Structures are given as C-alpha cells and as structure tokens.
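To start, the structure itself, in structure tokens.
Because only heavy atoms are used, hydrogens play no part in the values below, and waters and symmetry mates are left out as well, while side chains stay in. Note that this is a predicted model, so its numbers are computed, not measured. Residue indices begin at 1 and follow the sequence shown.
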Amino acid sequence: MLINRIFNGNDAVYGLTEGAVDNAIAQYGADKAISFPNTAYCLPCYYAVTGVKVKTLGELKEALGVVKSLMTRNHELDDALMSGVATALCAEFIEVLKFIDGANPYEEPCYGHLSDAIIRELGVPLVTGDIPGVAVILGSAPTAQEGVNLIKSYQAQGILVTLVGGIIDQCEEVGFKTGYGLRVVPLGKDVTSVIHVVSVAIRAALIFGNVTPGDAGALLAYTSQRVPAFVNAFKPIDDVILAAGAGAIKLGFPVISNETENIAEVPGALIQQLDTAAMNATSLEARGIKIKVTKIDIPVAFASAFEGEIVRRGDMQVEFDGSRVDCFELVKSRDLSEVEDHKIELIGPDFDEFEVGSKHSIGYVVEVAGKSMQPDFEPVFERKFHSYINCIEGIMHTGQRDMIRIRVSKETFNAGFRAKHLGEVLYAKIKNEFEAVVDKCQVKIYTNPEDCTKLRHELAIPAFDQRDERLETLTDESVDVYYSCIMCQAFSPSHVCVVTPERLGLCGAVSWLDAKATNELDPAGPCQVITKERVIDESLGAYEDVNEAVENFSHGALNKVTLYSIMQDPMTSCGCFECICGIEPFSNGVIIANREYSGMTPLGMTFPELASMTGGGVQTPGFMGHGKHFIASKKFMKAEGGIERIVWMPKELKDTVAERLNATAKELYGIENFTDMIGDETIATDPETLVTFLTEKGHPALSMEPMM
C-alpha cells in the first residue's frame, strides 16, 4: 500500500507538471527562457541529476520525458524512492515556472528559492557545527503552539529550520518571528516549495563536494553522508506529500511523522513519532546528529540561530554605540594569581537604570590566565565576541575593538537579561572553547561613561596599537611555519587551505593567528603545522614541504600548490569563499566579485557562475577564491604582478577595501588613490567599456606582461 501511494502521488504531480509546462509553452512559446534567480545552475536539481542545463520551456518539455523514465513501476521499494526523486524534479519544474520574466512569486514571510550566495554563506557554519543540521518541517502541527515549540527546540540547538505549508501560518498566528537571520526560513505554502530546501542540499554537493553533474550515484552518496538534513511531516500525509517524502529518503534524509493511518514504518527512513514534543530527539537520533550543549546561566535562549537577528530601534531597550560614545571590548592575559575564576563584576549602572531607547557607554575586559596562554591569542578570543554576543536571543552586536555597537531588545530585557549576563556568556564560551589554554577567566563590565573613556584611552587603544604593530611586521617571510586548515573537508573532501600571515583562509574567518591558536588548542585538529624549508620558487610561493603537506591533507587529490599565483597550481577553494578573482583577458588584468554582489561582471558571468567554476576543491587556473582581507595583501597574485592587475570590483567591495588597498599600492608602486583607477558596476559591466575607462585612467595592467 505504501509503495502504491508513492506511485499515485508521483503520477498526480507528473500530470500537474505536464499540464503546467504545456500551458506555459502555449502562452510564452518554446523558446522562452527559464531559470531560478541568482544561481549558476538554472534548474539545480535536474542539472545535478542529469548533467543537463534546462534554459527554455522547450527544453523543459524534453526534460519531462527524462523524468518519466525515472518513474519505473516494478513495485519495488527502490522504484518507489526513484519515483520520489521524479516527484522532486516535477516540483522544481512547477516552481521555476513561477519565476518566468523575472517574477518574484514569493511574498513575506516566504523566501522560496535561496540563492547560491546563501548556500556558500552556510558552508562555514555547517562545517564548524554552528549549524549541526537542517530541519524541514512540513504541514500543520496539531496546534500552533506545539509547532512553534518544536521549531524553538531546533532553534536553540542551532539547527537551520525550513518551513513548508501550514506551519508558516501557525507561526504568524502566535506571533513567532521567522527569517533567514534567525535561521527559521519559511519557504512557501505549496508542497512544491519543499524543492527549495532539496535544492540547497543538492547545490551543496555541486558547490562544496565537486560532484559532477549527471553522476546521480555520487550525488546521492554526498547528500546522504554529508548533508545532515531530515524531515518532520505532520499528518495528514496525502499521496503527494508521501511521494515527496520518498524523494527525501532517497537523498538520505529520514522522514519523521505523527501520521499513523495507511503508513508503514521503514526503519531509519520513515519513522512514526506521535508525540510532537519528542520529534526533535527522534529526528536527531535518526540522522545521527549530536548536539554539544553548553549550559549558560542567562534568562533567554543562546544559539547560533540568533546570530543574524536584527534589533530595530523601535524594539530596543538600550543601546551602546562606540561610534557616538566611548565603548570597547578587550581581552588581557594575566598571571594565574591575578584572576579569580568566574568572577563577574559590574562597575556602573545596570540596564534597568537606563531610560528606554537611550544610548550609553560600555566597556568590558575579559581577563584570562593559563599556563599555555599567549598574548597572541588575545585578538583571536576578541574576534569571537561578535559571534558569542550575537548568539544571545534579542541581542545585536556589530563591530569590534572600540567600535562596537550592542542593542538589547525590550523582549530580552523584560525576560530579565542584565549586564552580568553578558559576562556569563563571555566567561562560558571562553572557558568552553579555549579550555586548553585558559585555566581561569574573569569579566569586568564598565558602564560609567568616565570609566569607559579612561580605560578606552589608557588600556584598550594602547593594547590595540601594540597588536597592530606586531601584525604589521608579521609577514610570510618572518615566520617559520604556515598552517593547514581542513575544516571545510566535511563538505569539500579534497580542499586544503594553506594559511599564512599574509594570506588568510578563503572564507575570511581563519587568520594565521587563528590557525596557530587552533593548533595549540587541538594539536590533532584541522590546523596542522606546515614547514616551508624547501623552496622551489619563492615568487610563486612554491615549496616542496607545502606540496607534501597538501598531498597528505587532500588524501592524494592534489600534489602541487602555489601560494602567490592564480595561473599556476592555484590554491583550491571549497566554495564558501568571500570573493572570487578571475582573469579578464581584454584588460590583461583580473576582476574580483564578492558573494554579496548579484549583478553582472565584465567577464559576462555573475558571481554564482564564476563560483561554479572554482569550488569543490579543484584547481582552476585563472580563477581563485579568497577572503576580502587578502585583496590588499602584498602577496596577492604576486607571481603575476600583484594588486596592479586588479581592474574591476563591485563598488561596495571597492569602498570596503579602499583604505588598505590604496596604502599597499602607494607603498609598493608609488600609486596614489589606486582604487580610483579600478572600475566597478557604475562604470562598466562589459570589457569594452572597462578597457576604455582603464585607458583614460592609465591603469598599469594595460602595459604589463600578458597573463596568458
């Protein structure tokens, strides 16, 4: 009966899809272009399964015939599961028709299709475990509150939650906040909207896993083994939902449901759980997801799901803004005798003594001591504060050092959150994450304006200046070792970052000091020492021992890498890079696009299209993924002439890196205001106009040796 119901659901969806495609062709013609927005893969699921990019309605009609071939009817379980895959592809066809002529069929709170950029953004938290899993909640819970309670349980564990169907209305009914920033993403109210989370899993295989489009076996193995997703489907489960669930099971995602009628359990795949409150535990067990619990004594939730939460001015109880008044955050190493473990002091008024909506000073000093603690680790700890504080429900933190801003929401304040709870979070996270080097930790929080001003100028700024001087002298030549970073191998098995003082990890999140601290904290972990004693070519950044390390850490997938070249054995990319650099032959230079940029580049490709050539741990000469900070490095493309090759980047990115890039250009080449010579989308998005602009500006790339 179960298998027959899957077949019936698949047949129903196929019939709807065939009718929808025929109607679209009748209305628009077979040559009408189709694609989901902001993706390099057109119809990602069909492309991944078949290796064929569908770009027109006529091609979509042909693709229906391929889908029909998957709908075998031998009444075997595997046939039923393949029919589930066919159902998913039909759902993708129905959904893409909604986007014809650039239409946006989804309105708030629903997102529908998620861009390639969002998937790349999810790469790092999925790898680090900040997002330990992906939940798909489908249908309507027995009650709105039960549904929201289930979502909250996942949210508190950092799990990315996607919603399809009636559960979206239930969230609105009880006033529960949703959104990508909260990692609770309503996709759509039609069951076909579930394809948008399937697409996320499948594009992860293409972006991070170097899965070849058309290799269905490798695709299914990747999603099953490396994408920690599962489905919670509320009753009633009709045949269409059952067929969609079969597709999820084929991808390796177990389905947990409270349905009991006409459904038989399939061990490890289709699981009955009548108690909504127990669905969380059943789901995590079925998917093998283990949650690391850190109990923090605060009155609101703490989870990575809140990291993107925005506190609007109207919802704000109190604000601390370093751009207006004196604020700072600082880590200082102390002797063991100077630190009382878990001592949290507030010097000054508490949050309940401030007027609602007012702006104030705040400074906090986290003093740490340990036998293995080093001053070099202080800025590493500080960079974590942004993430730690943002993980508090109802708290927003931006900036770092003495340019921080913290907003406390009224809701969080009313729950009892006070200044001491900031200290509890910082203490708990420092002790938990850095236990190998921190034996004792105490926190001092200052809210008196005069204290904040005095300590900012006499303690914090001198410490920051001292570190900056140290970092400025920290070059690739001044250190004896580099470090590997293989955190992303959870998704990109052959990728290895080689992290140097002047080249941070391509995700932008791992500096040489971060890697050094990670190695100290976990000597067997993802950041291993790489010696650099046997030089092959210093200008290329080629070393025998680096090559040996890369071959070892990539399990033999790579045997050579250069650190400073984009053309010869460039470093690989996992797919979660902040930027991508690509050769622009007309100008004899390179363009750089960042993940946030959605427009066209002079290469005739968008960021997703550029990125589709570069991720998955493969070497692509002429293209390179990298962090934003690397753009102004003296080692950027050193082998090909360095930063003088940069001819174009989006204006927002150019403005972000301008100060440092201009300083590097002046120091190396004597060029004043180099970024004024670099094109952007307001000047040109085609190579001819770009070359005209570069010629007018006398850009140095035009007179350099050819790159090709």
Side-chain angles (χ1 to χ4, degrees), residues 34-48 88-89 91-99 102-127 130-131 133-138 151 154-155 158-165 167-168 171 178-209 222-223 226-231 244 247-248 251 253 304-305 307-308 491 575-578 594-598 606-609 611-612 615:
I34 55 168
S35 176
F36 288 106
N38 300 315
T39 178
Y41 306 108
C42 297
L43 277 69
C45 298
Y46 185 81
Y47 175 57
L89 296 178
E92 184 175 50
F93 292 3
I94 290 172
E95 286 292 309
V96 78
L97 293 176
K98 298 178 181 180
F99 290 86
N104 182 8
Y106 286 94
E107 297 179 353
E108 289 188 357
C110 297
Y111 283 69
H113 169 77
L114 300 177
S115 68
D116 288 356
I118 286 179
I119 296 170
R120 294 178 192 279
E121 187 177 304
L122 291 171
V124 173
L126 281 166
V127 164
D130 288 337
I131 298 178
V134 180
V136 185
I137 300 181
L138 177 63
I151 295 169
Y154 289 131
Q155 190 182 40
I159 287 173
L160 174 66
V161 184
T162 61
L163 309 177
V164 177
I167 187 67
I168 298 172
C171 287
T178 63
Y180 177 69
L182 295 170
R183 292 185 184 163
V184 179
V185 184
L187 293 173
K189 298 179 183 181
D190 297 334
V191 68
T192 51
S193 300
V194 76
I195 195 61
H196 297 303
V197 69
V198 173
S199 175
V200 169
I202 283 176
R203 278 180 285 163
L206 299 177
I207 290 170
F208 302 111
Y222 187 94
T223 56
R226 296 185 180 273
V227 182
F230 55 87
V231 179
L251 290 168
F253 309 152
S304 58
E307 201 167 348
F491 280 85
C576 51
F577 32 72
E578 291 186 305
N594 56 314
R595 186 192 297 142
E596 297 86 351
Y597 178 66
S598 60
T606 61
F607 179 87
E609 291 168 330
S612 68

_Minimal non-hydrogen separation, Val184 against Gln155, with atom names_ = CG2-NE2, 3.7 Å
*Quick one: OG1 on Thr39 to CD1 on Ile118, what's the gap to the nearest 0.5 Å?*
11.5 Å
*Would a distance-only check, ignoring hydrogens and angles, find a side-chain to backbone donor-acceptor pair under 3.5 Å from Thr223 to Ala201?*
no
*Heavy-atom pair with the smallest gap, counting every atom of Phe208 and Gly575*: CE2-C, 3.6 Å
*Tell me, please, which residues at least two apart from Tyr222 pass ring pair (Phe, Tyr, Trp, His ring centres under 6.0 Å).*
none
_Quick check for you: to the nearest 0.5 Å, what is the distance between Ile159 atom CD1 and Phe230 atom CZ?_
4.5 Å
*asked:* I need the minimum non-hydrogen distance between Arg595 and Cys576, along with the two atoms involved.
replied: NH2-O, 2.9 Å
_Donor-acceptor under 3.5 Å (Glu95 side chain, Ile195 main chain)_ = no
*In Å, rounded to the nearest 0.5 Å, how long is the span from OG of Ser199 to CG of Asp116?*
8.0 Å
_Which heavy atom of Val185 sits nearest to which heavy atom of Tyr180, and what is that distance?_
CG2-CA, 3.9 Å
*Drop me the distance from Ile151's CD1 to Thr162's OG1, to the nearest 0.5 angstrom.*
10.0 Å
*Any side-chain heavy atom of Cys42 within less than 4.5 Å of one from Tyr47?*
no
*Parallel under 30°, tilted from 30 to 60°, perpendicular over 60°: which one fits the rings of His196 and Tyr106?*
perpendicular
_So which atom in Cys171 and which in Leu163 form the shortest heavy-atom distance, rounded to 0.1 Å?_
SG-CD1, 3.9 Å
*Kindly write out the residues that satisfy side-chain contact (heavy atoms from CB on, under 4.5 Å) with Pro109, not counting sequence neighbours, or none if the list is empty.*
Ile168, Glu172, Thr178, Pro186
*asked:* So if I apply the side chain to side chain contact (heavy atoms under 4.5 Å, CB included) rule between Phe253 and each of Val197, Val134, Val136, Val227, which one comes out positive?
replied: Val227
_Run the side chain to side chain donor-acceptor pair (under 3.5 Å) test against Tyr41 and tell me which residues pass, sequence neighbours left out._
none
*Would you give the length of the straight line joining atom CG of Asp190 to atom NZ of Lys98, rounded to the nearest 0.5 angstrom?*
4.0 Å
_Distance (rounded to the nearest 0.5 Å) between Ser115 OG and Phe607 CZ_ = 10.0 Å
*Looking at Arg120 and Ile207, what are the two nearest heavy atoms and their distance?*
NH1-CG2, 3.2 Å
